[in-house]
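Working notes for the structure below.
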Amino acid sequence: MSKKFYITTPIYYVNDKPHIGHAYTTIAADVLARYYRQKNYRVYFVTGTDEHGAKVAQSANAAGMEPKAFCDQNSALFKETFKALNISNDYFIRTTDERHRVGVVKFLSKLHSNGDIYEGTYEGLYCVGCERFIKEKELVDGLCPDHKKAPEKVSERNYFFKLSKYLPAVRKLIEDGTIKILPHGREKEVLGLFKQDLEDFSVSRENVQWGIPLPFDEKQKTYVWVDALLNYITAIGYGDNDAFFEAWWPADVHVMARDILKFHCVYWPALLLAAGLPVPKVVYLHGFFTLDGKKMSKTLGNVIDPNDLVKKFGIDATRYLLLTQFPFGQDGDIKESLFAEKYNADLANNLGNLVSRVLNMIEKYCGGTVPKDVVSPIPLAHVGDYIELLQFDRALKELWEAVMKANQIIDEAEPWKLAKDPGKREQLETVLSQLAALLLEFAAAIEPFMPETADIIIGSLNEARITKGDPLFKRV
RNA sequence: CGCCGGGUAGAGCAGUGGCAGCUCGCGGGGCUCAUAAUCCCGAGGUCGGGGGUUCGAAUCCCCCCCCGGCAACCA
């Protein structure tokens, strides 16, 4: 039996349309999923949408829709976008799914009966303008800095999770590497959190309507973050399919952006321990990016819709362009204006043109068949290792070095001259066969990143009669 | 206030103690199989500023400046 690999993205909040941040995370996870499938792992790849909470209810109201209808509409947008990006998820979970509700109820009931959930009162300062609780130290002269208004003192009856009881255990699991937090710098950040103010947190909301009712107090709704985290287990059958759940849990890797580190590296393991479940093996926090040096935001109007990129550059190019902006795991800046430049240079000129030259010469000089069975002259030794470490930029760099080297080989060998000299037939056939082998090896290695491109290259070279065909990437 | 990250050629980024690298762009040359593509050569950097450690620092330590993020249900 081959090894299993369960990989997740965060579930995305349906309050917003999909943007390139969502695309970035999901493409990265997709690369891993495809890579491990290629290695014959049994892979289960889950993404989905997070649909509860006051904010969604408000947005639905503003749109004149019922919350569920609003969620149906926006969740569908994510599904469509991921399809447009050729994301190979095995399952798409929605927190409004009935099976998710069943799992959440089971989970919370368990914690409640274990005594890890207790009733308390949350007291805080609430700013109506911000529509949130703010901390005393955030206030300027006793007023909300954004709205210049005094916050109201509000107390709310809530149920709390005994986080404090599990903190030492979670910390130990991180320190001894049972839960790997990557890249390495992030582990330090998480361990730093344990020295700060980690308190028991509320798992319910009294005045939120749009949510999953608590099994032990139907008037209260499940706090949306708890609801959301549980997707990782309900998606694989916690609550309605024990065998399936046992087969896949724990997650081999949770991929996400670094802003939700605390929820995934502290709260989530603690909740799992309380329920007597294994903890995830790896949590990978990738970097944040800015757009043209500015934070991505709706008010600045610099949000990029991944569907627009796909329309302009195609699916594989969009995947490539997003992952090659900066090292995965670090922060970086994305300049949309550079996409076209990089597309032309890397994809149209280097790779696309290489494929054209090789296919054309095989068609012209060798009658459309690869004459010899030889090995590629350029090894791709580390691509797999880099992918396993989520160093996508390095993997792609090694692949592109091979492409550039291939172009050099052609210029040095000058097959067009060899073709004119019958005495050099042997050399001609060898070099073209080597190039064909190189392209096949390249295609296999690029498949996790650019599945369609890989198929086209492999398909072209497997034709009974190879022809030049259409350009892989037209210049823009 | 706190916490995290960044400031390296015109642009985008690697490099974390030992002669400063890659890609794009730019200038010159070559080739003609190819998507005005490709190949070769070249110009271009006080590695944010200052101080220190060291035989030696972009790389380690201290101070400062600038940019971004988290803390706020936008990956």
Side-chain angles (χ1 to χ4, degrees), chain A residues 9-10 12-29 50 52-56 127 130-135 137-138 146 185-186 188-189 192-193 195-197 223-225 227-228 255-263 285-290 293-299 303 306 322 324-327 330-335 337-338 341-342 344-365 393-394 397 400-401 404 406-419 432 435 468 470-475:
Chain A
T9 71
Y12 304 109
Y13 207 57
V14 288
N15 197 38
D16 202 6
K17 283 197 308 183
H19 55 62
I20 55 172
H22 304 114
Y24 186 72
T25 308
T26 311
I27 290 167
D50 180 13
H52 287 128
K55 207 154 187 172
V56 166
C127 172
C130 301
E131 294 179 26
R132 69 177 183 93
F133 287 98
I134 57 181
K135 289 186 178 164
K137 62 183 178 181
E138 291 176 88
D146 294 333
R186 297 291 166 206
K188 198 181 63 175
E189 197 174 332
L193 287 176
K195 293 170 198 155
Q196 295 182 22
D197 51 346
Y223 173 43
V224 70
W225 254 111
D227 177 353
V255 179
M256 71 204 65
R258 61 177 173 73
D259 58 333
I260 48 182
L261 172 143
K262 193 203 271 187
F263 293 100
L285 290 309
H286 71 69
F288 247 63
F289 49 78
T290 49
K294 295 201 178 75
K295 186 179 174 174
M296 179 170 72
S297 82
K298 274 191 280 190
T299 36
V303 175
L322 283 177
T324 49
Q325 294 299 311
F326 50 84
Q330 292 182 29
D331 285 359
D333 187 47
I334 286 182
K335 284 195 164 48
S337 57
L338 296 179
E341 210 173 88
K342 196 163 179 60
N344 281 334
D346 293 0
L347 299 178
N349 297 353
N350 277 324
L351 175 59
N353 186 48
L354 171 68
V355 172
S356 287
R357 335 172 62 176
V358 173
L359 293 179
N360 184 53
M361 287 191 282
I362 290 172
E363 177 183 9
K364 240 179 194 170
Y365 304 147
D393 55 304
R394 292 199 181 192
K397 194 175 175 210
W400 252 260
E401 277 165 3
M404 287 188 278
N407 275 317
Q408 285 170 25
I409 288 172
I410 295 176
D411 275 63
E412 280 162 23
E414 301 182 304
W416 49 93
K417 285 190 183 162
L418 301 178
L432 290 181
L435 289 163
K468 184 178 160 191
D470 296 325
L472 265 184
F473 300 96
K474 286 195 178 116
R475 287 175 58 86

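In what follows, chains carry the letters A, B, and so on, assigned in the order in which the sequence lines appear, proteins first and then strands, with residues in each chain numbered from 1.
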Problem set entry | Interatomic distance at P, B:U23 relative to B:U35, whole Å | 24 Å
Seminar exercise, completed: Taking for A:F473 and for A:E401 the nucleotide of RNA chain B with the nearest heavy atom, the one nearer the 5' end belongs to A:E401
For this session: Give a yes or no on whether the backbone of A:F263 and the side-chain of A:W225 come within a donor-acceptor separation of less than 3.5 Å.
Result: no
Exercise. Should A:W400 and A:T324 be marked as a side-chain contact (heavy atoms from CB on, under 4.5 Å) after you check the CA-CA gap, both sets of side-chain angles, and the distance that decides it?
Worked result: CA-CA 11 Å; A:W400 252 260; A:T324 49; over 6 Å; no
Exercise. Do A:T9 and A:M256 come close enough that some side-chain heavy atom pair is under 4.5 Å?
Worked result: no
Exercise. Is a side-chain N or O of A:Y223 found less than 3.5 angstrom from the main chain of A:G53, in a donor-acceptor match?
Worked result: no
Exercise. Please give, in whole Å, the distance from B:G12 C1' to A:K397 NZ?
Worked result: 13 Å
For this session: Figure out the CG/C1' separation between A:D346 and B:U35, and round it to whole Å.
Result: 15 Å
Problem set entry | Comparing A:Q408 and A:L351 on RNA chain B - which has the more 5′ nearest nucleotide | A:L351
Exercise. With no angle test and no hydrogens, is the base of B:A37 tied to the side chain of A:N349 by a donor-acceptor pair under 3.5 Å?
Worked result: no
Exercise. When all nucleic acid strands are considered with a 4.0 Å heavy-atom cut-off, which category describes A:F263: base, sugar-phosphate, or nothing?
Worked result: nothing
For this session: Report the distance from atom CG of A:D470 to atom CG of A:L472, rounding to the nearest 0.5 Å.
Result: 9.5 Å
For this session: Find the distance A:H286:NE2 to B:C70:P and express it as a whole number of Å.
Result: 13 Å
Exercise. Say you pick atom C1' in B:U53 and the same atom in B:C61; how far apart are they, in whole Å?
Worked result: 7 Å
Exercise. Expressed as a whole number of Å, how far does the C1' atom of B:U54 sit from that of B:G12?
Worked result: 34 Å
Exercise. Given B:C33, B:C74, B:C24, which nucleotide is nearest the side-chain atoms of A:A345?
Worked result: B:C24
Seminar exercise, completed: For A:Y13 and A:H52, the nearest pair of non-hydrogen atoms, with its separation, is OH-O, 2.9 Å
Exercise. CG of A:L359 versus C1' of B:U35: gap in Å, rounded?
Worked result: 13 Å
For this session: Describe the nucleic acid contact of A:Y365 in one word from base, sugar-phosphate, nothing, applying a heavy-atom distance below 4.0 Å.
Result: sugar-phosphate
For this session: Using the C1' atoms only, state how far B:C66 lies from B:U8, rounded to an integer number of Å.
Result: 16 Å
Exercise. For A:Y13 and B:C73, is the gap between ring centres under 5.5 Å while the planes differ by less than 30°?
Worked result: no
Exercise. Starting at CD of A:E341 and ending at P of B:U23, how long is that distance when rounded to a whole Å?
Worked result: 14 Å
Exercise. Can you find a side chain N or O atom of A:K262 that sits less than 4.0 Å from OP1 or OP2 on B:C3?
Worked result: no
For this session: Work out which heavy atom in A:L285 is nearest to a heavy atom in A:A257; give both atom names and the distance.
Result: CD1-O, 3.7 Å
For this session: Check whether any side-chain heavy atom of A:R475 sits under 4.5 Å from a side-chain heavy atom of A:N353, and report yes or no.
Result: no
For this session: When you get a sec, tell me which of B:U35, B:G30, B:C73 is the closest nucleotide to the side chain of A:D411?
Result: B:G30
Exercise. Using the ring of each side chain (for Trp, its six-membered ring), is A:H286 parallel, tilted or perpendicular to A:Y24, with breaks at 30° and 60°?
Worked result: perpendicular
Problem set entry | Nucleotide of B:C33, B:U38, B:U23 approaching A:N353 most closely (side-chain heavy atoms) | B:U38
Exercise. Nearest to the side chain of A:W416, which nucleotide is it out of B:U38, B:U32, B:C74?
Worked result: B:U32
For this session: Could you give the distance separating B:G15 and B:C22 at their P atoms, to the nearest angstrom?
Result: 15 Å
Problem set entry | A:R357 side chain, from C-beta outward: closest of B:C33, B:A37, B:C74 | B:C33
Exercise. So, is A:N360 close to the B:A34 phosphate, meaning a side-chain N or O under 4.0 Å from OP1 or OP2?
Worked result: yes
For this session: Measure from CZ on A:R475 to C1' on B:C24 and round the result to the nearest Å.
Result: 12 Å
Exercise. Which is true for A:G352 with a 4.0 Å heavy-atom rule: it touches a base, it touches only sugar-phosphate, or it touches nothing?
Worked result: base
For this session: Considering only atom C1', compute the distance from B:C55 to B:A43 and round it to an integer number of Å.
Result: 34 Å
Exercise. What is the nucleic acid contact for A:P471, judged by heavy atoms within less than 4.0 Å: base, sugar-phosphate only, or nothing?
Worked result: base
Exercise. Does any non-hydrogen side-chain atom of A:I410 lie less than 4.5 Å from one of A:M361?
Worked result: yes
For this session: Identify all stems in which RNA chain B takes part, counting only runs of at least 3 consecutive pairs (Watson-Crick or G-U wobble, each distance under 3.5 Å), and give each as one range with another, ordered by first number.
Result: B:2-7 with B:65-70, B:10-13 with B:21-24, B:26-29 with B:39-42, B:48-52 with B:60-64
For this session: Using a heavy-atom cut-off of under 4.0 Å over every strand shown, decide if A:K342 touches base, sugar-phosphate, or nothing.
Result: nothing
Exercise. If the P atom of B:A9 is compared with that of B:A14, how far apart are they to the nearest Å?
Worked result: 13 Å
Exercise. When the P atoms of B:C39 and B:U32 are considered, how many whole Å apart are they?
Worked result: 16 Å
Exercise. For the side chain of A:S356, counting heavy atoms from C-beta on, which of B:A34, B:C73, B:U23 is nearest?
Worked result: B:A34
For this session: Determine the contact category for A:P10: base if any of its heavy atoms lies under 4.0 Å from a base atom, sugar-phosphate if only primed atoms, P, OP1 or OP2 are that close, otherwise nothing.
Result: sugar-phosphate
For this session: Quick one: label A:L354 by what it contacts on the DNA or RNA (base, sugar-phosphate, nothing), any heavy atom closer than 4.0 Å.
Result: nothing
Seminar exercise, completed: From CG of A:N407 across to P of B:U35 the rounded distance in Å is 13 Å
For this session: Figure out the CZ/C1' separation between A:R258 and B:A71, and round it to whole Å.
Result: 12 Å
